[in-house]
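Note that these values count all heavy atoms, side chains included, but never hydrogens, waters or copies made by symmetry. Note that the numbering runs from 1 along the sequence shown for the chain.
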Amino acid sequence: MVILSKTTSALQPYQWEESDEAIAGKYGLKPDQVVRFDMNTNPYLPEAVGKAAKTLDFNLNEYPMPSYERLVGAIASYACVASGQIVVGAGGDEVIDVIAKTFLDPGNRSVISTPTYSMFKVCSQLRGARVVEVPRGKWFGLDVGALAEAAKDAKMLWVCNPNSPTGNAATVDELLELVESVGCVVVVDEAYVEFWGESIVGEVAKYPNLIAVRTLSKAFGLAGARVGYAVTNAELAEALNRTRPPCSISSISEALAIAALGEEGVTQAEENMRKIKENRENLKQQLEALGLDVFPSVANFLLVGFEGYDAYWVYKRLISMGLVTRNFSGSALTPNCLRVTVRTEEENNLLVEAIGGALR
């Protein structure tokens with residue numbers, strides 16, 4: 001019998017829904033009838049990335065160069081920082097894991113502002129850290145004072161901005177007030193920042209304890225390629241680069257990411273984000289017209305409250321139709337809520353029609 005470590009045995013893992021094929025098989029659907037409103041992915045792919053995918057030319061029998069110089073250079077140019085401030089990883093999740101491995105030891109305090117992205121807690125617990133959860137304030141606003149108090153003796157503090165699953169964002173001034181109030185490492189996850197437009201990246205070189213995490217999964221539509229990065233000061237970047245795996249981003253993913261970050265790719269991504277933000281406001285209005293509570297969001301998703309209804313029952317009804325939302329109804333911090341990704345106008349209309357039918 002294999003004996004798991006105490007940490008692994010006690011871990012509450014990251015949760016995800018079943019695959020398209022599994023859902024389709026369970027409810028008598030075809031896989032292409034399943035629409036993912038649960039993953040906060042982008043339904044639009046920049047044309048520049050599609051072109052690059054058709055012209056890939058390199059030896060797949062060879063490893064990519066572990067330094068990823070071209071990719072790092074493209075990221076540095078896009079983020080307007082020096083190459084020495086960049087740390088790349090296989091999606092934002094690997095970057096978060098590398099940060100936890102680099103700084104957390106067993107018994108350290110790791111402070112998290114909840115509700116938020118659950119991988120902060122997972123990666124902290126896997127390092128044996130003691131997680132301290134600080135609830136957000138009214139309308140899920142960042143409670144800077146409570147976080148600073150909780151982080152007095154902490155090793156790390158995690159903030160998702162814009163926040164998932166709530167969709168709201170703190171200002172750069174609020175974040176810097178927090179960074180200046182604590183002595184620990186502060187990690188700001190900016191996975192959805194391009195939809196928001198206010199980033200802390202321009203401030204990271206000024207602070208010895210600040211790390212921003214970003215991804216190409218959301219704004220650039222490259223969730224399947226798995227490319228993420230951290231931006232920090234040169235000293236912390238050097239430490240993180242000592243810890244990260246050497247070749248976790250494939251040559252294919254690197255090439256697609258470089259195309260996405262080129263001038264044409266960025267322009268197309270900006271246009272796709274404009275469409276998503278327009279779709280978001282239309283979807284919000286449609287859901288509110290059904291009598292639902294829709295929380296303010298600056299990201300590519302909406303947190304929806306089903307006061308007077310059973311959100312879990314609606315979730316089950318939707319998934320039986322192939323419309324997969326993210327169920328947060330069982331959480332004390334987001335009671336009776338579902339999170340829905342903003343997709344194309346046609347897909348959003350399909351979701352609204354199905355929700356409306358479920359509420360009748």
Side-chain angles (χ1 to χ4, degrees), residues 72 75-89 91-105 108-114 116-117 119-121 123-124 127 129 131-132 134 136 141-164 168-194 196-215 228-244 298:
V72 168
I75 293 171
S77 177
Y78 169 70
C80 299
V81 297
S83 295
Q85 294 178 246
I86 302 294
V87 182
V88 296
D93 288 338
E94 184 177 65
V95 176
I96 290 168
D97 186 52
V98 166
I99 292 170
K101 289 177 179 176
T102 304
F103 298 104
L104 289 175
D105 288 314
N108 288 160
R109 285 165 59 93
S110 182
V111 178
I112 300 171
S113 180
T114 56
T116 196
Y117 187 41
M119 284 303 291
F120 303 153
K121 184 174 182 178
C123 292
S124 296
R127 298 303 300 162
V131 174
V132 179
V134 178
R136 286 174 168 257
L142 199 66
D143 193 334
V144 173
L147 285 170
E149 180 65 27
K152 277 185 176 179
D153 299 316
K155 189 71 177 291
M156 184 161 292
L157 191 159
W158 307 84
V159 177
C160 188
N161 198 64
N163 188 48
S164 177
N168 63 310
T171 66
V172 171
D173 286 343
E174 287 178 293
L175 294 172
L176 292 180
E177 179 185 349
L178 184 60
V179 172
E180 293 169 357
S181 300
V182 300
C184 65
V185 174
V186 178
V187 182
V188 180
D189 184 348
E190 293 192 331
Y192 305 96
V193 75
E194 282 91 354
W196 168 228
E198 294 188 16
S199 172
I200 203 168
V201 159
E203 308 293 331
V204 294
K206 304 174 186 176
Y207 294 91
N209 62 327
L210 178 58
I211 303 172
V213 177
R214 285 183 166 187
T215 180
Y229 59 98
V231 186
T232 185
N233 60 69
E235 183 179 357
L236 294 188
E238 192 278 331
L240 293 170
N241 275 316
R242 277 189 282 147
T243 308
R244 71 170 174 87
V298 296

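- A donor-acceptor pair is defined here as one N or O able to donate and one able to accept, closer than 3.5 Å; no such pair exists between the side chain of Ser164 and the backbone of Thr116.
- Taking 4.5 Å as the limit, some side-chain heavy atom of Tyr117 sits within range of a side-chain heavy atom of Asp93.
- Looking only at distances, a side-chain donor or acceptor of Asn209 sits under 3.5 Å from a matching main-chain atom of Cys184.
- Looking only at side-chain heavy atoms (C-beta outward), Phe103 and Asn108 stay at 4.5 Å or farther from each other.
- Note that the CD1 atom of Ile112 and the CG atom of Leu147 stand 10.5 Å from one another [nearest 0.5 Å].
- Note that the CG atom of Leu157 and the CG atom of Leu210 stand 11.0 Å from one another [nearest 0.5 Å].
- Residues passing the salt bridge (charged side-chain N to carboxylate O under 4.0 Å, His left out) test with Glu203, sequence neighbours excluded: Lys206.
- Inter-residue side-chain proximity for Val95 and Leu240 is flagged as unmet; no heavy-atom pair is nearer than 4.5 Å.
- Contact of the Ile96 side chain with the Phe120 side chain is registered, since non-hydrogen atoms from C-beta on lie closer than 4.5 Å.
- Around atom CD of Glu180, more than 12 heavy atoms belonging to other residues, nucleotides or ligands sit under 6.0 Å away.
- The side-chain heavy atoms of Val186 and Tyr207, taken from C-beta on, include no pair separated by under 4.5 Å.
- The backbone N or O of Thr232 sits less than 3.5 Å from a side-chain atom of Gln85, completing a donor-acceptor pair.
- Residues Val131 and Ser124 come closest through the heavy atom pair CG2-CB, 3.8 Å.
- Counting only distance, with no hydrogens or angles, the side chain of Arg109 and the backbone of Ala150 share a donor-acceptor pair below 3.5 Å.
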Step-by-step side chain to side chain contact (heavy atoms under 4.5 Å, CB included) determination, Leu175 to Leu142: CA-CA 9 Å; Leu175 294 172; Leu142 199 66; 3.9 Å; yes
Working note: Ile75 + Arg214, criterion side chain to side chain contact (heavy atoms under 4.5 Å, CB included); need CA distance, chi angles, decisive distance, verdict. CA-CA 10 Å; Ile75 293 171; Arg214 285 183 166 187; over 6 Å; no
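- In this structure, CG on Asp105 lies 14.0 Å from NZ on Lys101, to the nearest 0.5 angstrom.
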Please evaluate residues Ser110 and Arg127 with respect to the criterion side chain to side chain donor-acceptor pair (under 3.5 Å), reporting the C-alpha separation (whole Å), side-chain torsions for both, the decisive distance (0.1 Å), and the verdict. CA-CA 10 Å; Ser110 182; Arg127 298 303 300 162; over 6 Å; no
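- Across all non-hydrogen atoms, the minimal contact from Val87 to Ala237 is CG2-O, 3.6 Å.
- Using modelled atom types, one side-chain atom of Asn161 and one backbone atom of Ala170 make a donor-acceptor pair closer than 3.5 Å.
- By the 4.5 Å heavy-atom criterion applied to side chains, Val298 and Glu198 are not counted as neighbours.
- Shortest non-hydrogen contact noted between Ala148 and Val182 is CA-CG1, 3.8 Å.
- Separation of atoms OG1 (Thr243) and CD (Glu238) is listed at 9.0 Å; rounding is to 0.5 Å.
- When all heavy atoms of Ala79 and Val201 are compared, the pair lying nearest together is O-CG1, 3.8 Å.
- Looking at Glu190, its side chain does come within 3.5 Å of a backbone N or O of Ile200 through a donor-acceptor pair.
- Between Arg136 and Asn168 the shortest side-chain heavy-atom distance falls below 4.5 Å.
- A distance of 8.5 Å separates NZ of Lys121 from OG1 of Thr114, quoted to the nearest 0.5 Å.
- Contact check for Ile86 versus Ser83: no side-chain heavy atoms found under the 4.5 Å cut-off.
- From Ile211, atom CD1 reaches atom OG1 of Thr102 across 7.5 Å, with rounding to the nearest 0.5 Å.
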